[in-house]
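Below is one structure, written out as structure tokens; the observations come after it.
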Amino acid sequence: ELISPEVRAEFDYVFTDSMTFTDHRGERTRLWIPEEVEVGDEQAFMVMLVEKTVGILETEPVDVYVNPTFLPDVIANDYDELWTDARMKKVIAAAVANDIAIEINGRYKLPSERFLRMAKDAGAKFTFGTNNAGADDLGDWSYPLEMQRALELSWQDMYVPGHAPSNAQKGMAAPSAGD
């Protein structure tokens, strides 16, 4: 609701993440700021995070899901246990159903190869990127390139702005060929 469909159509693509949301307490949560994160029960937190992520992917007019599967520092070491196959499948299904590409993030080295393999098998499209905070590692594409090789991603697996935009199915005007 922040921008009109007409304004949205002026952009080549729109990206978002699930790193900022209103948590179960009604509090603003920014996952990268430890003082704002209250995990409590890890499993309940993950249920909430997956629900928030799927909600974003199903309702927001976006083209690319960035910083995918990011976890706050307090539970980041448990990534492989917390991001279960069932949780990954929910997020991937929402991205694929809404034609939202999944970023392979160079800074955070996310998502995991396991997630990416599941996403590729489900027909997801991908982008390479990095979080936009700071500039000391913006040129490090080693993780995205490693994943590209490991998954044998070709150009057909990559997101192309303006090609089958996700917003067309949400009633937003797709850019014309001259845009």
Side-chain angles (χ1 to χ4, degrees), residues 2 14-60 62-98 100-151 153 159 166:
L2 292 176
V14 174
F15 64 87
T16 194
D17 58 34
S18 54
M19 292 175 63
T20 303
F21 55 84
T22 302
D23 70 11
H24 61 283
R25 304 166 296 157
E27 299 289 327
R28 178 180 178 184
T29 299
R30 293 178 287 184
L31 295 180
W32 70 97
I33 300 176
E35 302 81 39
E36 290 189 17
V37 177
E38 183 178 308
V39 170
D41 178 86
E42 291 179 355
Q43 298 303 321
F45 179 84
M46 288 303 297
V47 168
M48 177 189 63
L49 180 59
V50 169
E51 287 175 0
K52 296 289 183 182
T53 302
V54 169
I56 289 166
L57 298 175
E58 289 179 343
T59 63
E60 293 188 13
V62 299
D63 301 296
V64 182
Y65 169 42
V66 301
N67 302 314
T69 69
F70 182 91
L71 292 177
D73 285 343
V74 67
I75 58 173
N77 287 338
D78 297 327
Y79 180 100
D80 290 328
E81 292 79 36
L82 294 172
W83 275 108
T84 64
D85 285 356
R87 289 176 179 142
M88 290 188 288
K89 286 178 183 178
K90 285 182 184 179
V91 170
I92 292 165
V96 170
N98 293 286
I100 298 172
I102 298 168
E103 176 189 69
I104 303 173
N105 187 288
R107 174 166 290 157
Y108 294 127
K109 297 178 177 41
L110 293 172
S112 67
E113 183 175 341
R114 191 174 97 214
F115 181 100
L116 292 168
R117 285 191 184 283
M118 291 173 70
K120 182 181 179 190
D121 290 345
K125 295 292 184 184
F126 302 96
T127 65
F128 292 173
T130 186
N131 196 24
N132 57 358
D136 54 338
D137 62 352
L138 289 177
D140 183 359
W141 294 103
S142 56
Y143 183 74
L145 291 172
E146 176 187 341
M147 291 299 101
Q148 182 270 326
R149 285 187 294 274
L151 277 67
L153 297 177
Y159 168 72
S166 61

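These values consider heavy atoms only, across backbone and side chains, with no hydrogens, waters or symmetry-generated copies. All residue numbers in this chain count up from 1 along the given sequence.
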* To do: Would you mind listing every side-chain hydrogen bond (donor to acceptor under 3.5 Å, both in side chains) that reaches into residues 27-39, with sequence neighbours excluded?
  => D23-T29, R25-E38, R30-E36
* Not counting sequence neighbours, which residues clear side chain to side chain contact (heavy atoms under 4.5 Å, CB included) with K120? List them please. => F126, L151, E152, L153, D157
* Donor-acceptor pair, side chain of K89 and main chain of M118, under 3.5 angstrom -> no
* Heavy-atom closest contact (I102 atom, A124 atom, distance) -> CD1-CB, 4.0 Å
* **For E113, salt bridge (Lys or Arg N to Asp or Glu O under 4.0 Å) partners two or more places apart** => R117
* Asked: Closest approach of A122 and V96, non-hydrogen atoms and distance?
  -> O-CG1, 3.6 Å
* To do: Check T53 against S18 and note the closest heavy-atom contact, atom names and distance.
  => OG1-OG, 2.9 Å
* Structure fact -> residues 79-88 vs salt bridge (Lys or Arg N to Asp or Glu O under 4.0 Å), sequence neighbours excluded, gives D85-R114
* Asked: F128: what forms a ring-ring contact (aromatic ring centres under 6.0 Å, His included) with it, not counting sequence neighbours?
  -> none
* **Interatomic distance, I56 atom CD1 to N98 atom CG [nearest 0.5 angstrom]** => 12.5 Å
* To do: Ignoring hydrogens and angles, tell me if any N or O in the side chain of Y79 forms a donor-acceptor pair with the backbone of S112 under 3.5 Å.
  => yes
* Asked: Is there a donor-acceptor pair under 3.5 Å between the side chain of N105 and the backbone N or O of Y108?
  -> yes
* **Verdict with reasoning, L49 to L71, per side-chain contact (heavy atoms from CB on, under 4.5 Å)** => CA-CA 9 Å; L49 180 59; L71 292 177; 3.7 Å; yes
* Do any N or O atoms from the side chain of E103 and from the backbone of N67 form a donor-acceptor pair under 3.5 angstrom? -> yes
* Asked: In terms of heavy-atom contacts, does CG of D121 have more than 12 from other residues, nucleotides or ligands at under 6.0 Å?
  -> yes
* May I ask you to decide if the ring planes of F45 and F21 are parallel, tilted or perpendicular, using 30° and 60° as cut-offs? => tilted
* To do: Taking all non-hydrogen atoms of both residues into account, name the closest pair between P72 and V39 and its distance.
  => CG-CG2, 4.3 Å
* Check whether any side-chain N or O of D17 sits under 3.5 Å from a backbone N or O of V66 as a donor-acceptor pair, and report yes or no. => no
* Can you establish whether the number of heavy atoms outside D73 located under 6.0 Å from its atom CG is more than 12? => no
* Does Q148 reach the side chain of I104, with side-chain heavy atoms less than 4.5 Å apart? -> no
* Who are the salt bridge (Lys or Arg N to Asp or Glu O under 4.0 Å) partners of D41, not counting sequence neighbours? -> none
* Heavy-atom pair of closest approach, residues A101 and Y159 -> CB-CB, 3.5 Å
* Structure fact -> In terms of heavy-atom contacts, W83 and T69 come closest through NE1-O, 3.0 Å
* Flag if over 12 foreign heavy atoms under 6.0 Å of NZ, K90 -> no
